[in-house]
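Okay, structure first, notes after.
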Number of protein chains: 2
Amino acid sequence: MSRKISDSTVRRLSQYLRILEGREKAVGATVSSTELAQDAGTTAAQVRKDLSLFGSFGKRGLGYGAGDLADRLRGILGLEKVWRVALLGAGRIGSALFEYGDFRRRGFDIVAVLDNDPGKVGSRWSGAVEVEDASTLEAVVERESVDVVIVAVPAAAAQSLTERAVAAGARGILNFAPIQLRVPDGVSVQDVNVVTELEALSFDLTHRRRTGAA
Amino acid sequence: MSRKISDSTVRRLSQYLRILEGREKAVGATVSSTELAQDAGTTAAQVRKDLSLFGSFGKRGLGYGAGDLADRLRGILGLEKVWRVALLGAGRIGSALFEYGDFRRRGFDIVAVLDNDPGKVGSRWSGAVEVEDASTLEAVVERESVDVVIVAVPAAAAQSLTERAVAAGARGILNFAPIQLRVPDGVSVQDVNVVTELEALSFDLTHRRRTGAA
DNA sequence: AGGTGTGAACACTTTCACAGCA
DNA sequence: TGCTGTGAAAGTGTTCACACCT
């Protein structure tokens, strides 16, 4: 479909969607680029540019149909499909993510949890998913047709587990380990690193930079 | 000190520091921009440009002194000071963050935890910090000289608690709530939003974009 | 009037390529 | 020789300003 869409644009689209979903959904309600920009902390021109990259679905003089725009955004972001997610690592981060049930509602279904701690393997989470042994990673990825793997293991284990997951068919990685994962072409990685965010904050505070929303 | 340093540069500096800290620290060891780039998944020119924004502390023909560079990076990022952090919200995210003791080691000391659930208030975490009532937020921020507040509460409560924390003296916010916080000038915000990361992954997978490390 | 869609201007970042020092 | 530091070039992302539609 589209060419060169920047990461910042994609993140803003996700944000716009969340804003729309947070609104009262009166049928036929419209929303203008100015309103959206207000809530997203950006400019109206930016909103219009972002959306126009995917077609023109606003009504001049009126704005965008709220429901329609939300649907379009879901389509653009690829959220019509339910993504099958495996959680690698049943530690603190893993369990916090798992218990945050909002993912399911948003189209990310955690279909498997793996860990290498014998004390955790075999326990059943939320009476649903059973923690499986990390040594069976390949089998689980194949059995569950896993699309996305959340890497929530210590740095030392992250690269090799990632490689195994990718070899078994996973195409997306959400990485919580504090290292740069190397993956073959065609596999996407997104990193989440709270220490880096705190250090960015520290830098800002130290150098008295602008208000700086992330 | 410095002028206009981009967010991406700051994030890379944090990454370089983590890479250096992960290495065997032989005394006098040096590291070249090429090596650093390798581990960080960027280019040698990018590394050199990033570092040169803050001075020239490499040795031509040799590279950078590993220990020296790490110290410089800590200085640049403002990590010489220990930041006093208050955790707002003792739920899943809050407790996962708290138990991840690495923060302390990295210069971010969680000196207070607050929540509005009477069932949680009064309990003692890790035998150290006692969960306090969120209604006493201002008093706690002042008493503990809190610099940074981690917002780990539901979206509905995030804005008002942020305002109160800022009014009481907090200058940095690490925001886990899925809304755009509005803060006065001089206050820094960094957002962490796992749903957005997953949606970015979904976009990538749907549109078959490049390998894309985040 | 009100608000979108978009080319063109601008600002910012990354990459290149090479002078210069150890 | 090896690798840094850096201007200049190339490439990206954002903002402006206005034609155009309702």
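Just so you know, these numbers use all the heavy atoms, side chains as well, and skip hydrogens, waters and symmetry mates.
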Backbone N/O of Glu144(B) and side chain of Arg84(B): donor-acceptor pair under 3.5 Å: yes
Spell out protein contact along nucleotides 5-13 of chain D as letters: B when the base is contacted, S when just the sugar-phosphate is, - when no protein heavy atom is under 4.0 Å; keep the 5' to 3' order. BBBB---SS
Taking only residues two or more places apart in sequence or in another chain, which ones pass side-chain contact (heavy atoms from CB on, under 4.5 Å) with Ser56(B)? none
Could you pull out all residues at least two apart from Arg12(B) that satisfy salt bridge (charged side-chain N to carboxylate O under 4.0 Å, His left out)? Asp50(B)
Test: Arg143(B) and Glu138(B) ion pair at under 4.0 Å: no
Tell me, please, which residues at least two apart from Lys59(A) pass side-chain contact (heavy atoms from CB on, under 4.5 Å). Leu62(A)
Round to a whole Å and report the spacing from CD of Gln38(B) to C1' of dC3(D). 15 Å
Side chain to side chain donor-acceptor pair (under 3.5 Å) contacts in which one or both residues fall within residues 61-72 of chain B, not counting sequence neighbours: Asp71(B)-Arg74(B)
Centre of Phe176(B)'s six-membered ring, under 6.0 Å away, within 45 degrees of the axis: is that where NZ or CZ of Arg92(B) sits? no
Interatomic distance, CG@Asp191(A) vs CG@Asn175(A), rounded to 0.5 Å, equals 5.0 Å
Nucleotide range of DNA chain C lying under 4.0 Å from chain B heavy atoms: dC12(C) to dA22(C)
Taking any heavy-atom pair under 4.0 Å as a contact, classify Ser33(B): base, sugar-phosphate, or nothing. sugar-phosphate
Between Thr43(A) and Gly61(A), name the one whose nearest nucleotide on DNA chain D is closer to the 5' end. Thr43(A)
